[in-house]
Number of protein chains: 2
Amino acid sequence: MSRRVSESTIRRLSYYLRALEALEGSGAATVSSEELAERGGTTAAQVRKDLSQFGSFGKRGLGYAVKELECTLRRILGLHVRWRVALVGAGRIGSALFEYPNFAQRGFDCVAVLDADPAKVGSRWGPILIRPVSELERTVRELEADLVILAVPPEAAQDLAERAVGAGARGILNFAAVQLRVPRGIPVKDVNLVFEMEALSFAITQADSHA
Amino acid sequence: MSRRVSESTIRRLSYYLRALEALEGSGAATVSSEELAERGGTTAAQVRKDLSQFGSFGKRGLGYAVKELECTLRRILGLHVRWRVALVGAGRIGSALFEYPNFAQRGFDCVAVLDADPAKVGSRWGPILIRPVSELERTVRELEADLVILAVPPEAAQDLAERAVGAGARGILNFAAVQLRVPRGIPVKDVNLVFEMEALSFAITQADSHA
DNA sequence: GCTCACTTGTGAAAAGCTTCACAATATTAG
DNA sequence: CTAATATTGTGAAGCTTTTCACAAGTGAGC
């Protein structure tokens with residue numbers, strides 16, 4: 001029950017959680033692996049295998065209790081606690097993130113915003129005062145930020161990542177198009193729109209050349 | 001040379017391309033699989049395997065010619081042509097995307113913006129007039145959009161995806177937290193910040209419980 | 001020309017992930 | 001109570017991806 005769990009499994013757990021939330025809204029009390037699979041874009045066997053890595057949550061013949069499984073998944077994903085997030089980079093992406101309502105709803109509280117641009121430093125986003133990036137370490141330490149979001153140019157990302165981790169950050173969401181090197185044990189997730197667009201471009205081009 | 005190429009390989013090709021661009025800027029003429037691996041966050045063997053799926057681009061003993069490989073990768077990824085993109089959803093995310101300068105730089109031209117909010121319809125973003133989503137089909141058809149970006153609420157996404165594909169869209173970048181069902185052969189890429197944050201949350205929680 | 005150091009391309013082995021198939025178990029109906 | 005039906009949990013099989021290891025090719029120095 002405590003082997004290494006694959007990235008793909010985790011990603012699917014997030015989908016299952018969204019599906020369960022929707023099901024709860026629609027009043028369903030139980031759900032089968034088959035229905036979860038349909039909503040999560042996978043197969044029933046996969047759903048059962050995924051869940052079985054963490055325990056045995058269903059009832060044979062019946063399926064899974066929606067509310068209970070939802071709760072279990074939240075706990076597995078570590079969403080039963082709130083996470084403190086420091087956002088580095090108050091540009092377009094940073095601002096979109098900051099205003100994204102689902103963010104706080106899902107347990108992620110933005111406790112600080114930092115930027116390198118002196119013109120932005122000192123202004124306010126709602127209750128939050130924008131700080132200079134030079135105060136990154138102090139901010140992470142004093143506000144006990146768990147997670148750091150880097151929405152900064154690629155050339156700045158590696159340095160900021162190292163400093164954030166040095167000051168106690170435990171995970172990084174990276175919007176910069178570089179592969180960050182961080183100490184073992186610090187998870188990094190990359191989000192990169194250009195990469196996704198390039199993957200679409202490849203898939204379409206490929207399809208054409210085979211037609 | 002024309003087997004199915006894995007998602008992971010494509011994702012890494014994008015990293016290699018970024019690395020090559022950086023190398024070209026710094027004046028290097030050739031690069032070894034080892035150096036590409038370091039910059040792309042993988043291993044030398046993986047780099048060689050990835051590239052070998054498309055041909056034989058290196059010189060033994062020497063490595064790869066930076067400029068040439070860059071060009072080859074662009075062609076493999078289908079980036080030698082420009083892509084026409086329609087953006088559906090003129091909210092925070094849509095606006096951040098629209099203003100993202102790298103987007104156009106990398107060959108993706110935003111040819112239309114649509115929104116469901118009558119208050120936004122008719123206003124301008126630079127040269128682009130915001131259209132009502134009711135005109136999605138007409139817009140995709142007349143402006144010959146290849147790719148559609150859905151930056152809309154989850155409940156609207158499935159319907160819009162179907163309509164976009166019906167009107168000729170060939171690929172979808174989906175920001176909504178639902179699994180879209182589309183006809184076979186239409187690639188869909190999902191971008192979801194909450195999923196990435198949840199993966200971080202899981203990784204950290206997991207690490208804790210094993211400490 | 002010969003040797004040396006270097007680096008690719010690739011078959012084979014290893015590791016990892018997904019699908020299959022079925023015993024086990026739960027509920028409902030008669 | 002028995003039969004019929006539904007659905008889970010899981011070992012084993014099948015498939016995919018990654019890593020390994022090395023023959024083959026390349027240029028530089030002498």
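Numbers restart at 1 for each chain; the letters A, B, ... are given by sequence-line order, proteins then strands.
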Is it the case that over 12 heavy atoms from other parts of the model lie below 6.0 angstrom from the [atom1] atom of [X]?
X	atom1	answer
B/E21	CD	yes
B/E137	CD	yes
B/E144	CD	no

Subject >> 5'-most by nearest nucleotide on DNA chain D - A/G61 or A/A45 >> reply: A/G61

Original post:
Which nucleotide in the list D/dG27, C/dC17, C/dG9 gets nearest to the side chain of B/K59?
Top reply: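 Nearest listed nucleotide: D/dG27.
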
**OP:** Identify which nucleotide among C/dT8, C/dT19, C/dT10 has an atom closest to any side-chain atom of A/T43, counting heavy atoms from C-beta outward.
**Re:** C/dT19

**OP:** Dot-bracket for DNA chain D, please, read 5' to 3', with Watson-Crick or G-U wobble pairs under 3.5 Å on both distances, ( ) within the strand, [ ] crossing, | other strand, . unpaired.
**Re:** ||||||||||||||||||||||||||||||

Original post:
Which part of the nucleic acid, if any, lies within reach of A/T9 when heavy atoms closer than 4.0 Å are counted: base, sugar-phosphate only, or nothing?
Top reply: nothing

Original post:
Pick from A/E196, A/E198, A/E7: which one makes a salt bridge (charged side-chain N to carboxylate O under 4.0 Å, His left out) with B/R11?
Top reply: A/E196

Subject >> Check: A/K49 side chain, D/dG11 base, donor-acceptor under 3.5 Å >> reply: yes

Send over the distance from [X] [atom1] to [N] [atom2], rounded to a whole Å.
X	N	atom1	atom2	value
A/L51	C/dT18	CG	P	14 Å
A/R4	C/dA15	CZ	C1'	11 Å
B/Q53	C/dG9	CD	P	13 Å
A/R60	C/dA26	CZ	C1'	10 Å
B/I10	D/dT17	CD1	C1'	14 Å
B/F57	C/dG9	CZ	P	9 Å
A/R48	C/dC22	CZ	C1'	11 Å
A/D50	D/dT8	CG	P	13 Å

Original post:
Just how far is it from atom CG of B/L97 to atom CZ of A/R92, taken to the nearest 0.5 Å?
Top reply: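 It is 11.0 Å, given to the nearest 0.5 Å.
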
**OP:** Take B/D190 and A/Y15 through the side chain to side chain donor-acceptor pair (under 3.5 Å) test and state the conclusion after the steps.
**Re:** CA-CA 11 Å; B/D190 296 298; A/Y15 273 112; 3.3 Å; yes

Hey, does the side chain of [X] come within less than 4.0 Å of [N]'s phosphate (OP1/OP2), counting only N and O?
X	N	value
A/S56	D/dG9	yes
A/Y64	D/dG9	yes
B/Q46	D/dT17	no

Original post:
Once the angle between the rings of B/F108 and B/F103 is folded into 0 to 90°, is it parallel (under 30°), tilted (30 to 60°) or perpendicular (over 60°)?
Top reply: tilted

Original post:
Mind checking whether A/W125 and A/F98 have parallel, tilted or perpendicular rings, split at 30° and 60°?
Top reply: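 A/W125 vs A/F98 ring planes: tilted.
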
Subject >> DNA chain C: 5'-proximal contact among A/L62 and A/S8 (nearest heavy atom) >> reply: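 That would be A/S8.
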
Original post:
Going by heavy atoms closer than 4.0 Å, what residues in residues 30-42 of chain A are next to DNA chain D?
Top reply: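 When residues 30-42 of chain A is checked for heavy atoms under 4.0 Å from DNA chain D, the hits, listed by number, are A/S32, A/S33.
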
**OP:** Return the minimal non-hydrogen interatomic distance between A/S201 and B/L79, and the atom names on each side.
**Re:** OG-CD2, 3.7 Å

Original post:
With sequence neighbours excluded, what pairs up with B/A177 under the side-chain contact (heavy atoms from CB on, under 4.5 Å) test?
Top reply: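 Partners of B/A177 by the side-chain contact (heavy atoms from CB on, under 4.5 Å) criterion, ordered by chain and then number, come out as A/R18, B/N192, B/F195.
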
